[in-house]
Protein chains: 2
Amino acid sequence: MSPARAAAASSPGPVEVSAAQGRIIAAALDLFARHGVGGTSLQMIADEIGVTKAAVYHQYSTKDAIILAAAEAELSRLEAVIDAAEAERAPRLARDALLSGIVALAVARRRTVATILSDPVIGAFFAEDDRFRRVMHRLRRMLVGDEVGPEARVRTAMLIAAISGAVTHPFVAGLDDEALRAQLLRLGRRFLGLPA
Amino acid sequence: MSPARAAAASSPGPVEVSAAQGRIIAAALDLFARHGVGGTSLQMIADEIGVTKAAVYHQYSTKDAIILAAAEAELSRLEAVIDAAEAERAPRLARDALLSGIVALAVARRRTVATILSDPVIGAFFAEDDRFRRVMHRLRRMLVGDEVGPEARVRTAMLIAAISGAVTHPFVAGLDDEALRAQLLRLGRRFLGLPA
DNA sequence: GTCTATAGTGCGATAGAC
DNA sequence: GTCTATCGCACTATAGAC
């Protein structure tokens with residue numbers, strides 16, 4: 001099987017969603033962040049949108065399908081940031097564009113990003129998802145280049161965890177988005193050894 | 001029981017637990033890490049220990065009480081690390097001891113630490129828990145001193161998120177505890193501007 | 001695309017025996 | 001400290017009307 005074919009089999013690029021599906025995904029992400037994936041029922045999602053459970057089932061035939069759709073929707077946002085960064089010619093510029101993009105994404109979606117990356121149920125889905133693995137691989141490659149040792153692994157894991165985890169931390173609850181974004185970018189650059 | 005009520009009822013100081021209660025807490029922490037708090041039922045906890053639900057209820061009369069006991073047990077480990085670090089005379093030594101202790105704790109309890117700090121259900125309990133707030137305050141004070149600006153807040157949040165989040169990241173799944181600990185400590189020191 | 005109605009399962013929680 | 005047995009409820013999921 002060709003790479004293109006394998007990719008199409010596991011997850012076909014940008015996933016199209018109807019308006020009704022978009023409402024379900026948005027409601028699900030919000031509720032996942034507030035109650036966890038396991039603590040969110042289809043009834044809660046239906047109530048949030050203002051329809052019945054059966055209407056939700058008409059769009060996604062299982063709860064797992066909703067979890068997957070919500071996780072992939074959030075993953076797509078990260079993919080778009082990576083795509084934009086890779087369009088930069090110089091590796092140095094690409095890396096800085098990636099960092100800026102990740103920080104902006106994490107701040108703009110404070111409540112959802114951390115949930116997607118830390119919820120054990122979504123983690124189980126992503127652990128076997130080729131698309132997720134490809135995204136993480138591209139991320140690491142752009143951040144630390146071709147290094148593969150323990151130092152590079154830990155450094156990348158710490159940077160991603162620091163950005164995604166810090167935005168929901170109680171310490172920064174009172175900060176407005178712009179102040180948070182600026183500090184995250186500055187400290188992230190310093191962590192990577194980039195010019196501030 | 002609402003989180004607010006449970007937090008108000010929580011006692012300061014070390015909480016004594018019987019052998020049976022200890023088994024429940026250990027099983028609960030393990031299951032919370034694997035399925036999330038909302039995705040863990042009392043039946044799952046009972047099965048893990050090898051008793052019935054009623055036996056679990058005899059120790060903790062609600063599921064919330066189990067969640068609270070498990071979260072506080074993990075919080076106590078962090079408190080012990082802070083206590084030990086504060087015993088150091090020089091602030092510089094205290095800060096380095098704290099960092100080493102946090103890193104060692106996060107690595108030793110890879111699976112549970114991230115869950116406790118990131119699960120939204122536990123977050124709701126901690127948000128109104130004075131003991132948790134005191135621990136976080138002591139943590140920040142030792143790490144960044146008396147600074148209170150956005151930079152100090154974001155820096156502390158990033159460090160805690162980086163350490164607790166990195167230990168469960170897929171990038172470091174293949175690393176043994178000692179290698180992970182050494183790298184986390186080195187990069188953590190560098191992030192704080194301490195001598196390596 | 002949304003509804004009502006319902007099946008079958010597992011949930012948190014309780015009562016009372018040993 | 002653990003058991004059996006049970007209650008009432010919420011859950012995922014399905015069938016069929018509009």
Side-chain angles (χ1 to χ4, degrees), chain A residues 15-73 115 119-122 124-125, chain B residues 1-7 9 15-73 115 119-122 124-125:
Chain A
V15 183
E16 289 173 23
V17 292
S18 68
Q21 287 172 334
R23 284 193 295 273
I24 291 171
I25 290 174
L29 282 171
D30 185 58
L31 290 163
F32 289 170
R34 274 152 52 198
H35 306 105
V37 175
T40 300
S41 70
L42 295 178
Q43 185 68 68
M44 292 162 77
I45 295 173
D47 288 349
E48 187 89 352
I49 307 169
V51 298
T52 62
K53 279 188 290 182
V56 175
Y57 268 106
H58 184 257
Q59 304 297 332
Y60 295 103
S61 57
T62 63
K63 185 182 175 182
D64 278 3
I66 298 177
I67 298 170
L68 197 60
E72 298 231 323
T115 307
D119 191 286
V121 177
I122 293 180
F125 276 95
Chain B
M1 186 175 7
S2 72
R5 190 124 193 93
V15 182
E16 289 172 24
V17 292
S18 68
Q21 287 172 334
R23 284 192 294 273
I24 291 172
I25 290 174
L29 282 171
D30 185 57
L31 289 163
F32 289 169
R34 273 154 50 199
H35 306 105
V37 173
T40 300
S41 70
L42 295 179
Q43 186 67 67
M44 291 163 76
I45 296 173
D47 288 348
E48 186 90 353
I49 308 170
V51 297
T52 61
K53 275 192 291 182
V56 174
Y57 268 105
H58 185 257
Q59 304 297 332
Y60 295 103
S61 57
T62 64
K63 185 182 176 181
D64 278 1
I66 298 177
I67 298 170
L68 195 61
E72 298 231 322
T115 307
D119 192 286
V121 177
I122 294 180
F125 276 97

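In what follows, chains carry the letters A, B, and so on, assigned in the order in which the sequence lines appear, proteins first and then strands, with residues in each chain numbered from 1.
For the residue pair A28(A) and I45(A), the shortest heavy atom distance occurs at CB-CD1, 4.0 Å. When all heavy atoms are compared, the tightest approach of P120(B) to A33(A) is CB-O, 3.4 Å.
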Criterion side-chain contact (heavy atoms from CB on, under 4.5 Å) on T62(B) and I67(B), from CA distance to verdict: CA-CA 9 Å; T62(B) 64; I67(B) 298 170; over 6 Å; no
Could you check L31(A) against E48(A) for side-chain contact (heavy atoms from CB on, under 4.5 Å), going step by step and ending with a plain yes or no? CA-CA 9 Å; L31(A) 290 163; E48(A) 187 89 352; 4.1 Å; yes
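In this model, the phosphate group of dC11(C) is approached by a side-chain N or O of S41(B) to a distance below 4.0 Å at OP1 or OP2. Contact annotation: T52(A) side-chain N/O to dC3(C) OP1/OP2 distance is under 4.0 Å. Within the 4.0 Å cut-off from OP1 or OP2 of dG1(D), at least one side-chain nitrogen or oxygen of Q59(B) is found.
Minimum atom distance to the side chain of K63(B) is reached by dA13(C), of the listed dG1(D), dC11(D), dA13(C). Here the side chain of A55(B) is nearest to one of dA13(C), dG1(C), dT2(D), namely dT2(D). Comparing dA13(D), dC11(C), dG1(C) by their closest approach to the side chain of S18(A) singles out dG1(C).
Rounded to whole Å, atom C1' of dC11(C) lies 14 Å from atom CG of D64(B). Rounded to whole angstrom, the span from the NE2 atom of H58(B) across to the P atom of dG16(C) amounts to 15 Å. Taking atom CE of M44(A) as the reference point, atom P of dT12(D) lies 10 Å away to the nearest angstrom. Taking atom OH of Y60(A) as the reference point, atom C1' of dT12(D) lies 18 Å away to the nearest angstrom. In this structure, K53(A) places its NZ atom 18 Å from C1' of dG1(C), rounding to the nearest Å. As a whole-Å value, the separation of L42(A) CG from dT14(D) C1' is 13 Å. Separating the CD atom of Q43(A) from the C1' atom of dT12(D) is a distance of 11 Å, rounded to the nearest angstrom. Going from atom CD of Q21(B) over to atom C1' of dT2(D) covers 15 Å, rounded to whole Å.
Along DNA chain C, the nucleotide closest to Y57(B) and the one closest to A54(B) are compared, and the more 5′ of them pairs with Y57(B). Map A19(B) and T62(A) each onto its nearest nucleotide of DNA chain D; the residue landing nearer the 5' end is A19(B).
Side chain of K53(A) to backbone of D47(A): no donor-acceptor contact under 3.5 angstrom is found.
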